[in-house]
Amino acid sequence: MSMDFIPQPRTCPSSQEYLSVLNPEQRAAVEHHGSPLLILAGAGSGKTRVITTKIAYLIGEKNLPPYSILAVTFTKKAATEMKERAIRLHPEAKNSQIRTFHSFGSWFLRRHTEEAGIDASFTVYDDDDMVTLLQKAVLGLTRQEAIHFAHSISRAKDYCLEPNSQQLSFIDETPNFPQIYQAYQNRLRETGNIDFGDLIMLPVLLLERKPEIREHMQRRFQVIMVDEYQDSNVAQFKLLQLLAGSNTYVCVVGDDDQSIYNFRGAEVKNILSFPEHFSGTTIIKLERNYRSIPQVLNVANDVICHNKNRFDKILKHTRASGDTPVLAFLDNNFDETDFCAQVIQNAHKQGIPYSDWALLYRTNSQSLTFETEFLHRKIPYVIVGSLKFYDREEIKDALAYLAITANPKDEVSFRRVVNKPSRGIGEKTQDKIVIDSRNYAKNSLLGESNLLESCRRIAKDSTKKAKEGLTTFVSTMDTLIKLIDQGQKAAQPLPVEQLAQQATNNPEISTKTNATSNTNNALPDEAPKKLSYLIEQLTLLSGLEEYHRGQDEISGTQRVANLQELANSAALYPLSRDGLLDFLDHIELDKSLDSRDQEETDAVTLITIHNTKGLEFPRVLMTGLETGIFPRSDKQETELEEERRLFYVGVTRAKDQLIITSCKKRFRFGKTDEMYPSIFLSEINQKNIKIIGEKPIGFCSSTLAKEGNTIHPLANRWKKGVRVFHDEYGYGYITRSAVIESEYVIIVQFDSGAEKRFMPEYQNHSLMVSEE
DNA sequence: GACAGTGAAATTTTT
DNA sequence: TTTCACTGTC
């Protein structure tokens with residue numbers, strides 16, 4: 001991780017200084033000790049400040065060893081920022097564990113691979129890899145089904161449910177789901193690798209079953225803090241419980257209004273029931289918002305108060321008055337792109353830096369038009385979170401070669417590249433090799449299977465073409481493995497020191513720090529021993545480069561350049577097994593981060609709203625506020641409430657300026673769809689927002705009648721849930737009704753998927769209540 | 001086993 | 001519009 005390279009500030013504030021900037025509640029939270037602590041912190045109330053200050057305070061004032069502090073959060077970006085800020089307050093914080101939950105899981109498992117029954121050089125399978133493996137573990141699944149079950153398995157792991165759990169039906173009611181899960185799990189263990197869910201679940205199981213590991217961890221971490229606690233899932237909650245010994249100080253921070261990951265297994269009840277699980281809990285509320293101007297908070301409050309399932313709380317504003325947020329109605333998404341670009345450029349002319357701006361959207365796909373336009377206008381931007389780079393075919397291929405180099409049992413990566421570029425090794429041959437490897441593992445006393453060994457065996461009685469192909473592949477892999485092992489040898493001298501250091505009570509000044517210094521002190525060998533060298537060799541030897549060079553010429557892509565960039569990004573890692581694993585971890589757990597260490601550039605941030613959690617920006621453009629996009633669907637009340645919380649999160653990112661856009665038309669799937677304003681827009685009180693552009697017909701902020709209260713003459717016949725038929729659109733249900741400027745309006749969700757708005761009074765016979 | 005041609009589906013959100 | 005999974009032919 002990049003954090004090891006963050007320059008330390010010349011001067012650090014004294015504890016007097018950093019405590020004096022806190023308000024009484026924040027200060028109480030920092031100084032609190034002796035019982036579990038739950039901090040209920042509204043948006044922008046300075047909770048990251050509290051956590052980082054608390055870390056500095058514990059190290060500086062309470063003389064706690066930095067490595068005994070564990071602070072976890074959810075997104076990599078938030079973790080990085082937390083670490084940076086903590087280090088600014090106290091340089092020793094660099095030796096504290098400040099990580100995402102998943103990277104903590106990885107850290108933990110790397111130290112306990114044997115007990116966990118996984119390969120010492122394990123890598124992490126992503127969702128795609130899960131699907132590939134599942135299709136091989138359970139034959140006959142279509143891709144769709146495999147995606148479905150892979151999803152269910154992930155959910156099961158979020159709840160820490162094993163294949164034999166009685167509660168699995170709660171996740172997926174398919175009768176043979178437990179068998180499918182079990183088959184997948186067996187196959188996964190055969191590869192020696194793990195998936196994302198395992199990063200949390202395996203540590204939990206290990207801590208449950210191995211008292212000595214648990215006790216060691218509980219001694220190790222005297223303080224555990226969790227940020228964004230409202231988004232923890234059951235497995236993460238269990239992990240926290242197991243890590244916390246009787247003497248561990250536990251402090252969690254969260255806000256139920258910002259819970260936006262329920263779809264991924266997050267349980268708001270974790271935060272609600274925290275005091276029950278940690279007896280004697282002290283609760284501190286942070287209700288003063290320091291981030292946003294009052295006008296922004298008004299908009300946020302207008303909307304969030306429409307949620308029924310929430311604690312009533314008051315966000316008190318502390319800042320001086322600013323500009324009223326703007327709601328811009330635009331004709332179509334190209335106008336939207338233009339408008340946003342224009343706003344940013346105009347501001348730039350007046351001296352407002354690009355980096356003041358964040359452009360928010362609901363789905364990653366929305367970023368594309370902005371990217372094109374910004375490139376065109378030469379507006380610098382950075383994209384956060386889209387899998388852009390690491391999701392590219394050529395990059396995934398190269399990474400698969402690397403994964404096999406690390407772990408030759410990696411079936412998924414093996415299948416991905418054994419025949420790429422084409423070597424005449426089809427699926428049949430692949431199956432043979434994998435089966436051979438699995439049989440070997442079962443029959444051999446050694447128990448170690450190895451796909452490369454199996455390739456050699458199978459090659460013997462294969463057709464000429466396949467034989468040649470296999471030989472080429474195996475010799476490529478052999479060379480790569482030799483390279484990395486030579487590198488490892490070169491890096492030997494220091495790991496001894498590392499062991500010595502571990503003996504002294506400070507187990508992991510991360511392997512990386514040492515490994516990096518290894519390279520610097522490396523043996524006086526010829527070439528510089530960087531991991532980039534391995535990647536360069538890989539792309540050449542495997543034939544990937546040549547293959548993609550051809551592709552580049554045909555379709556004008558940049559694939560060879562991308563491969564080179566991947567190699568460059570590995571320059572910070574040593575050519576060794578540890579270096580390779582670090583690199584792969586870094587990529588797998590941190591796809592959001594740009595491969596280049598983010599230089600301080602003046603650029604607009606393009607980001608999904610989910611990814612903004614924990615971040616703030618001086619100026620925010622929130623785009624695509626249209627029904628069907630945001631909220632995506634309003635089928636279910638609970639889902640709508642989560643979308644509303646997401647809106648709340650987006651709005652409360654803004655410090656000084658907020659602009660919201662909504663289009664009447666949107667071009668997608670090769671055609672233009674008519675769009676309607678998001679329901680959230682009508683929940684904003686008229687006096688709190690400045691509307692520009694032509695209002696869509698029938699739109700009026702904050703006069704949309706609440707459901708059930710409608711007393712319009714038409715309300716009885718045309719009410720929510722009624723089945724209707726339309727001449728053109730067919731059958732559908734009324735999903736919403738309202739009185740808008742004294743007109744009765746309904747929204748119909750048609751079976752065809754279309755969603756339309758009608759005024760029944762004027763529909764005559766094209767729309768009627770179905771007698772079906 | 002490779003490849004060209006087809007038809008249908010596609011956009012949640014993340015580690 | 002683009003992409004990807006599936007089918008049939010060589």
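In what follows, every chain begins at residue 1, and chains take the letters A, B, ... in the order their sequences are listed.
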Atom CD1 of A:Ile147 and atom P of B:dA9: how far apart are they, to the nearest Å? 14 Å
A:Arg666 CZ to C:dT1 P, in whole Å, measures 19 Å
Ranking A:Phe74 and A:Ile425 by the position along DNA chain B of their nearest nucleotide, the one closer to 5' is A:Ile425
From the candidates B:dG1, B:dT11, B:dT14, the one with an atom nearest any side-chain atom of A:Arg632 is B:dT11
Can you measure A:Leu360 atom CG to B:dT14 atom P for me and round it to whole angstrom units? 12 Å
What nucleic acid atoms does A:Arg362 come within less than 4.0 Å of, heavy atoms only: base, sugar-phosphate, or nothing? base
On the nucleotide B:dG1, are OP1 or OP2 found under 4.0 Å from the side-chain N or O atoms that A:Asn419 carries? no
Could you check whether A:Asp127 gets within reach of a base, just the sugar-phosphate, or nothing at all, counting any heavy atom under 4.0 Å? base
Give the rounded distance in Å between these two atoms: NZ of A:Lys396 and C1' of C:dC4. 14 Å
Given atom CZ of A:Arg155 and atom P of B:dT13, what is their separation to the nearest angstrom? 14 Å
Using a heavy-atom cut-off of 4.0 Å across all strands, would you classify A:Lys671 as base, sugar-phosphate, or nothing? nothing
Proximal nucleotide (of B:dT15, B:dT13, B:dG1) relative to the A:Thr363 side chain: B:dT13
Please pick, from B:dG1, B:dT13, B:dT11, the nucleotide with the shortest atom-to-atom distance to any side-chain atom of A:Phe263. B:dT13
Using a 4.0 Å heavy-atom cut-off, does A:Phe101 contact any base of the nucleic acid, only the sugar-phosphate backbone, or nothing at all? nothing
Phosphate oxygens OP1/OP2 of B:dA10: is one of them under 4.0 Å from a side-chain N or O of A:Ser365? no
Separation of B:dT14 P from A:His151 NE2 (nearest whole Å): 13 Å
Quick check: A:His102 with A:Phe74 (ring centres under 6.0 Å apart)? no
Walk me through it: do A:Lys420 and A:Asp397 pass the test salt bridge (charged side-chain N to carboxylate O under 4.0 Å, His left out)? CA-CA 8 Å; A:Lys420 202 162 187 183; A:Asp397 292 345; 3.3 Å; yes
Has A:Ser103 got a side-chain N or O lying under 4.0 Å from the OP1 or OP2 atom of B:dT15? no
If you check every side-chain atom of A:Phe669, which of B:dT14, B:dG1, B:dA10 has the closest atom? B:dA10
Round to a whole Å and report the spacing from CG of A:Asn364 to P of B:dA10. 17 Å
Is the Lys NZ or Arg CZ of A:Arg264 less than 6.0 Å from the centre of A:Tyr261's six-membered ring, within 45° of the axis? yes
Presence of A:Asn262 side-chain N/O under 4.0 Å of B:dT13 phosphate oxygens OP1/OP2: no
Contact class for A:Arg143 vs. all strands (heavy atom < 4.0 Å): base, sugar-phosphate, or nothing? sugar-phosphate
Using the ring of A:Phe334 (Phe, Tyr or Trp, six-membered ring only), decide whether A:Arg666 places NZ or CZ under 6.0 Å from its centre and within 45 degrees of its axis. no
Suppose you measure atom C1' in B:dT13 against the same atom in C:dT2; what distance do you get, rounded to whole Å? 22 Å
Could you tell me whether the side chain of A:Val131 reaches within less than 4.5 Å of the side chain of A:Phe149, counting heavy atoms only? no
Within a strict 4.5 Å, meaning less than it, do heavy atoms of the A:Asn193 and A:Asn407 side chains meet? yes
So what does A:Phe667 hit on the nucleic acid, given a heavy-atom distance under 4.0 Å: a base, only sugar-phosphate, or nothing? nothing
Students often get this wrong, so: under 4.0 angstrom with heavy atoms, is A:Ser422 touching a base, only sugar-phosphate, or nothing? sugar-phosphate
Find the distance A:Tyr547:OH to B:dA2:P and express it as a whole number of Å. 11 Å
Nearest heavy atom decides the nucleotide; on that basis, is A:Thr100 or A:Arg668 closer to the 5' end of DNA chain B? A:Arg668
